[in-house]
Structure formats: structure tokens, C-alpha cells
Amino acid sequence: MPELPEVETVRAGLEPAVTGSTVTSVSVLDARSLRRHDGPVEDFADQLLGAIFDGAVRRGKFLWLPIAGSGRALVAHLGMSGQVLLRAPAASPDRLLRVRIGIESPQHGELVVAFVDQRIFGSMSVRDLVPTADGRAAGRGLDDARIPDQVAHIARDPLDPAFDDRAFFAALRRRRTGIKRALLDQTLVSGIGNIYADEALWAARLHFDAPTETLSRPRATTLLAEVRLILARAVAEGGTSFDAQYVNVNGASGYFSHSLNAYGQQGRACPRCGRPIVREAFMNRNSHFCPYCQRLRAR
DNA sequence: AGCGAGCCCTGCGCGC
DNA sequence: TGCGCGCAGGGCTCGC
């Protein structure tokens, strides 16, 4: 499920439940979900038991819960199919449950943080926090300039107030690659995946393979603005209210609750010009675009 | 530097 | 009904 808006929905849903909560139990049902944890399963559980979470923070598609007084955080990445769900302790286990973390919340009582992941491309891990390179807050959710070492190489996302537009444009100009490759490069700009890349490129009328170095400043500015617009709109639509009874912070509503203009629309009419949207193989995935509105040569 | 390929995996929906 | 296949929103590493 997860690009930035979906992960933000999860973060916002988790925040009120986990902040100030104490971990009371840890159960790892599939050790493969801890692939990115530096140590054995027992170590993961040991680090978490008794931990108190300071909040829920996100940068790009990475999510983490800082552990009070430890200099560490529980880090989650959802991969292609991961979900973090809040459950009542007595609820029957979700299908594809990989990690189950019991917490005691000051306001909401006992809850379960359930990490569900079909393909196991996602992961949970306990990682050390390191200072951010620029000394600014690491991500959305907490004013703390420390970031998990696993996330330190990930660029800020376009909704981050500390995102540096000028540095982004300069980096873009230095690149010798196609614009979609650049958008998907999480070390250049984070949070954008295949869906929102296609949607932003459609909105900015850019071909996915347009060379970054030839992208004019106005077109790059337009593209970044479209990225922000699309991400922000999806975040607004994905917002889930917290319900202490039976909580589901699944961000699934994000993608499909609003109409997509390009992604998955192959064969259907381009909403702008009426000609058919095309799907083309790209980076072991697909690109969806309008060959008329999004031509390789600038018009 | 950046690309392509390969790999990590499971389950769904579709066509036959 | 059952089977095989293609498909899926990510990220990391490696060799070139």
C-alpha cells in the first residue's frame, strides 16, 4: 500500500495510541519481517519490552517510534504490502500477521500494534538514532533532530518544512537520468512511489523519461508543485480518525478513494485530451502516461 | 554516477 | 472447480 500519504495516514493514526504507551508484549510470528533488524529475534523483543514510545515520526515512506531515553527507535517500513494496524487485545489475529506488539496506552488502555505484511518486503527493526545532517527535525511527528541510522540516507520529503527546494533543483540538474527515475530515488526526494510519480508527471505534462538535465527551472518548479499538491491531497483524503474501541489505521483509503488520472488507466481516455493512456514497461514496473500530453520533446 | 538485473516474498484475480 | 500465470504501490546490492 504505501507511498507517503498512506504512511502518513498510518503515522497519524498511531500517534495518539502509541505516544506515552509502554510495550507489554512482543510476538514475532515470522522472523523474516525482522530482516532489517541488526540482531536475533530475542534481541528485538528485549529492546522493546518495557519501552515507552515518545511518538510516531515519518520521513518519506519510513515510520518510526522513538523509545524514551534509549537513543533508539522501533522502525517500520511497509514495503509493497505492509500494514500497521491497531487492534483490541482480544481480537482474533489478522491474516498475514507477522509481528504483534502489545502496548498499554495511558488514554486508550491495552492495544495491539499489528504488523501485517503479505509479501514480507516490509520490515520492523530497533535501530539507533543518529543526528540529522542539517540539525533540523528528522521528520513529521516530533521535533527531534535524531533519525534512525537505517533512514539517515533517505532524503527529506516534499511536505517536510525543511525540504530544500533550491538544493533539489540543483541536484536534479546535476543528474544524468530520466525524471521518473529521479522522482523514485529516495535519496534525492522521498515519499514518491510509482503511483504518485505517474500522477505528478501527468499533471506536469512530463514524459517519464525526460532527461533531468534539460528540465527548465519553470518546469521543475511546476513538477515539484504538482508533487506537493498530489501528496497533500492524498494525505488529506487518507486521514483516519482514532477510535479507541476498534482501531484501524490502515491507509488503504488513500489510493483508491480519489480518481487517478494516469496510474492504472491504460486504455482509458486521458482526462485532459481524451486520447488513450498508455502503459509502458519501466524499471521492472510500469509507467502510465498520455503519449500526447506527455511527449519526450518539449513542446 | 547511474543503469539493469536480480533478489527479497506471498497471494490475488484472471483466463483457460 | 481448479490450475497456471501475470501482476502488485519498495528497496537494496551487485557488476558493469
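Within every chain, numbering begins at 1; the chains are lettered A, B, ... in the order of the sequence lines, protein sequences first and strands thereafter.
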5'-most contact on DNA chain C (nearest-nucleotide basis), A:His288 vs A:Gln150, goes to A:His288

Secondary-structure stems, DNA chain B, at least 3 Watson-Crick or G-U base pairs under 3.5 Å: B:2-8 with C:10-16, B:10-16 with C:2-8

For a salt bridge (charged side-chain N to carboxylate O under 4.0 Å, His left out) with A:Asp149, tell me which candidate from A:Arg127, A:Arg36, A:Arg72 qualifies. A:Arg127

Does A:Gln186 make a side-chain N or O approach to OP1 or OP2 of C:dG11 shorter than 4.0 Å? yes

Within the pair A:His77 and C:dG10, is there a side-chain N or O less than 4.0 Å away from OP1 or OP2? no

Output yes when at least one side-chain N/O atom of A:Arg32 is less than 4.0 Å from OP1 or OP2 of B:dT10, else no. yes

Side chain of A:Phe62 only, heavy atoms from C-beta on: which candidate in B:dT10, C:dG10, C:dC12 is closest? C:dC12

Heavy atoms of other groups near A:Asp38 CG, more than 12 under 6.0 Å: no

When you get a sec, tell me which of C:dC12, C:dA8, B:dT10 is the closest nucleotide to the side chain of A:Tyr263? C:dA8

So what does A:Leu184 touch, heavy atoms closer than 4.0 Å: a base, only the sugar-phosphate, or nothing? nothing

Tell me if a side-chain donor or acceptor on A:Arg58 pairs with a main-chain N or O of A:Gly60 at a distance below 3.5 Å. yes

Does any part of the side chain of A:Ser287, heavy atoms only, come nearer than 4.5 Å to the side chain of A:Asp198, both counted from C-beta? yes

How many whole angstroms separate atom CZ of A:Arg35 from atom C1' of B:dC8? 5 Å

Residues 24-76 of chain A vs ring-ring contact (aromatic ring centres under 6.0 Å, His included), sequence neighbours excluded, gives A:His37-A:Phe44, A:Phe62-A:His77

Between C:dC3 and B:dC9 - P atom distance, rounded Å: 25 Å

Kindly say if A:Arg95 contacts the phosphate of B:dC12, meaning a side-chain N or O under 4.0 Å from OP1 or OP2. yes

CZ (A:Arg228) with more than 12 external heavy atoms under 6.0 Å: yes

Among the candidates C:dA8, C:dG11, C:dC12, find the nucleotide nearest to the side-chain atoms of A:Met80. C:dA8

Between the side chains of A:Glu110 and A:Thr24, does any donor sit under 3.5 Å from an acceptor? no

Shortest side-chain distance from A:Arg98, nucleotide among C:dC12, B:dT10, C:dA8: B:dT10

Looking at C:dC12, B:dT10, C:dC7, which one has an atom nearest to any side-chain atom of A:Arg279? C:dC7

Spacing between A:Arg285 atom CZ and B:dC7 atom C1', to the nearest angstrom: 12 Å

So if I apply the salt bridge (charged side-chain N to carboxylate O under 4.0 Å, His left out) rule between A:Glu8 and each of A:Arg59, A:Arg140, A:Lys61, which one comes out positive? A:Arg140

Has A:Phe121 got its ring stacked on B:dC9, by the test of a centre gap below 5.5 Å and a plane angle below 30°? no

Nucleotide by nucleotide, nucleotides 1-6 of chain B touches protein heavy atoms under 4.0 Å in the pattern (B base, S sugar-phosphate only, - none) -SSS-B

